[in-house]
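Numbering starts at 1 and runs along the sequence shown. As the structure lists them, so they are numbered: ligands from 1, and atoms in each ligand from 1.
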Amino acid sequence: MGITHIRTPKNFVLEERLERYADGFETHPKTFAGAWAEACYPLPCDAINASARQHRNRFDRVELDLGCGKGSFIIQMAQKHPGTLFLGMDSEPLCIAYAAQYILESGLRNVLVIPRGADALPEVFAPGELDAITLNFSTPYPRAHDARRRLTTIDRLLVYRKVLAPSGTLMLRTDSQPLRDWTLTQLEATGFRTLWVSDDARADHPEFPASEYETRLVERGARIWGVCATPDREPSPEQLALGRKANPSLMSYLPDDLESLDYVPLGMEDAVKNAINRRRRAARRQ
Ligand SMILES: C[S@@+](CC[C@H](N)C(=O)[O-])C[C@H]1O[C@@H](n2cnc3c(N)ncnc32)[C@H](O)[C@@H]1O
């Protein structure tokens, strides 16, 4: 079983887990659209005096980790930034069960997970509600055929533009230079302005804690590629059309000399091996 699969431990009953850790996730997220910062604010009324309550009855910021996995990134962020509400979304119930467990065990009151996939974004958040969206090690779907499933397609980026505040940020961190570089074409097409682009985001942006995947992939020799961008001018139809023409196969963003790669991004191992073998066979035929 590869690193992309989540192992289910023996005697693990998902429904039981979800029931036990139900306070760590929100099953009716649409109800909170437009009101996350207030609705989730932990107001221990007897502990907060009236004047403090007047001045402070909402979180300062709301940040989303889309594809949050088991939630380690948002839990660490919530520890560091108590005035911010951190929400995690993931389409995989097993991840939600783990994330909810770890959230409850942390005792933190500014972090919560939502058992929904990216398609639900426009129903779960009001326009301009999010201060940041983070995509940590998003599933890369390297084949052209699957490109529409990536979390940084033009269509997804147009949705992020809507739910992000005007000065909000979208950050991608990944072990895949091809995914980062393809994402740059999609960001440009959708009128995002890049705030930073990094070929070593761990060194350049140590303020962001490591997610589960980051820890595992760095152990295997990965470097972290990143980009952070903010919505800028509305994209023109020509700009969008140009972005839709970007080569969707992530193979085309790898260097020509595949044999020189000291690390192959997650999900591209077989494709790289096959391409190397094809080239060797072709060279032998010449
Ligand atoms: C490679 S894992 C990364 C998990 C975590 N962000 C990390 O860095 O450790 C990708 C995660 O994205 C989730 N995912 C994939 N497609 C999604 C979608 N359309 N909406 C929400 N989550 C998605 C998967 O269930 C998985 O948990």
If you count the atoms of ligand 1 from 1 in the order shown, which ones are under 4.0 Å from a heavy atom of [X]?
X	result
Cys95	27 (O)
Gly117	20 (N), 21 (C)
Ser211	7 (C), 8 (O), 9 (O)
Glu92	25 (O)
Ala118	18 (C), 19 (N), 20 (N), 21 (C)
Phe137	1 (C), 2 (S), 3 (C), 8 (O), 10 (C)

Side-chain ion pair, Arg150 and Asp155, N-O less than 4.0 Å: no
Can you figure out which of Ala99, Gly88, Gly67 has its heavy atom closest to atom 5 (C) of ligand 1? Gly67
Taking distance alone, with no angle check, do [X] and ligand 1 share an N/O pair under 3.5 Å?
X	result
Arg116	no
Asn136	yes
Arg156	no

Tell me whether Asp119 reaches ligand 1 (any heavy atom closer than 4.0 angstrom to a ligand atom). no
Are the side chain of Arg20 and the backbone of Ala97 linked by a donor-acceptor contact shorter than 3.5 Å? no
Any donor-acceptor pair under 3.5 Å linking the side chain of Gln101 with the backbone of Tyr98? no
For Phe25, the option from Leu87, Leu112, Asp90, Ile96 that meets side-chain contact (heavy atoms from CB on, under 4.5 Å): Ile96
Mind listing the side-chain donor-acceptor pairs of residues 113-133 below 3.5 Å, one per line with the distance, residues two or more places apart or on another chain?
unit_1: Arg116; atom_1: NH2; unit_2: Thr27; atom_2: O; d: 3.0
unit_1: Asp119; atom_1: OD1; unit_2: Arg156; atom_2: NH1; d: 2.8
unit_1: Asp119; atom_1: OD1; unit_2: Arg156; atom_2: NH2; d: 3.1
unit_1: Glu129; atom_1: OE1; unit_2: Gly34; atom_2: N; d: 2.8
unit_1: Glu129; atom_1: OE1; unit_2: Ala126; atom_2: N; d: 2.8
unit_1: Glu129; atom_1: OE2; unit_2: Gly34; atom_2: N; d: 3.2
unit_1: Glu129; atom_1: OE2; unit_2: Ala35; atom_2: N; d: 3.1
unit_1: Glu129; atom_1: OE2; unit_2: Trp36; atom_2: N; d: 3.0
unit_1: Asp131; atom_1: OD2; unit_2: Val62; atom_2: N; d: 2.8

By the rule that ILVMFWY residues connect when side-chain heavy atoms come within less than 4.5 angstrom, directly or transitively, which residues belong alongside Tyr21? Leu104
Heavy-atom pairs closer than 4.0 Å: do any link ligand 1 to the side chain of Asp65, the backbone, both, or neither? neither
Taking atom CD of Glu207 as the centre, report whether more than 12 heavy atoms of other residues, nucleotides or ligands fall under 6.0 Å from it. yes
Would Leu187 and Leu158 show up in the same hydrophobic cluster when neighbours are defined by side-chain heavy atoms closer than 4.5 Å? no
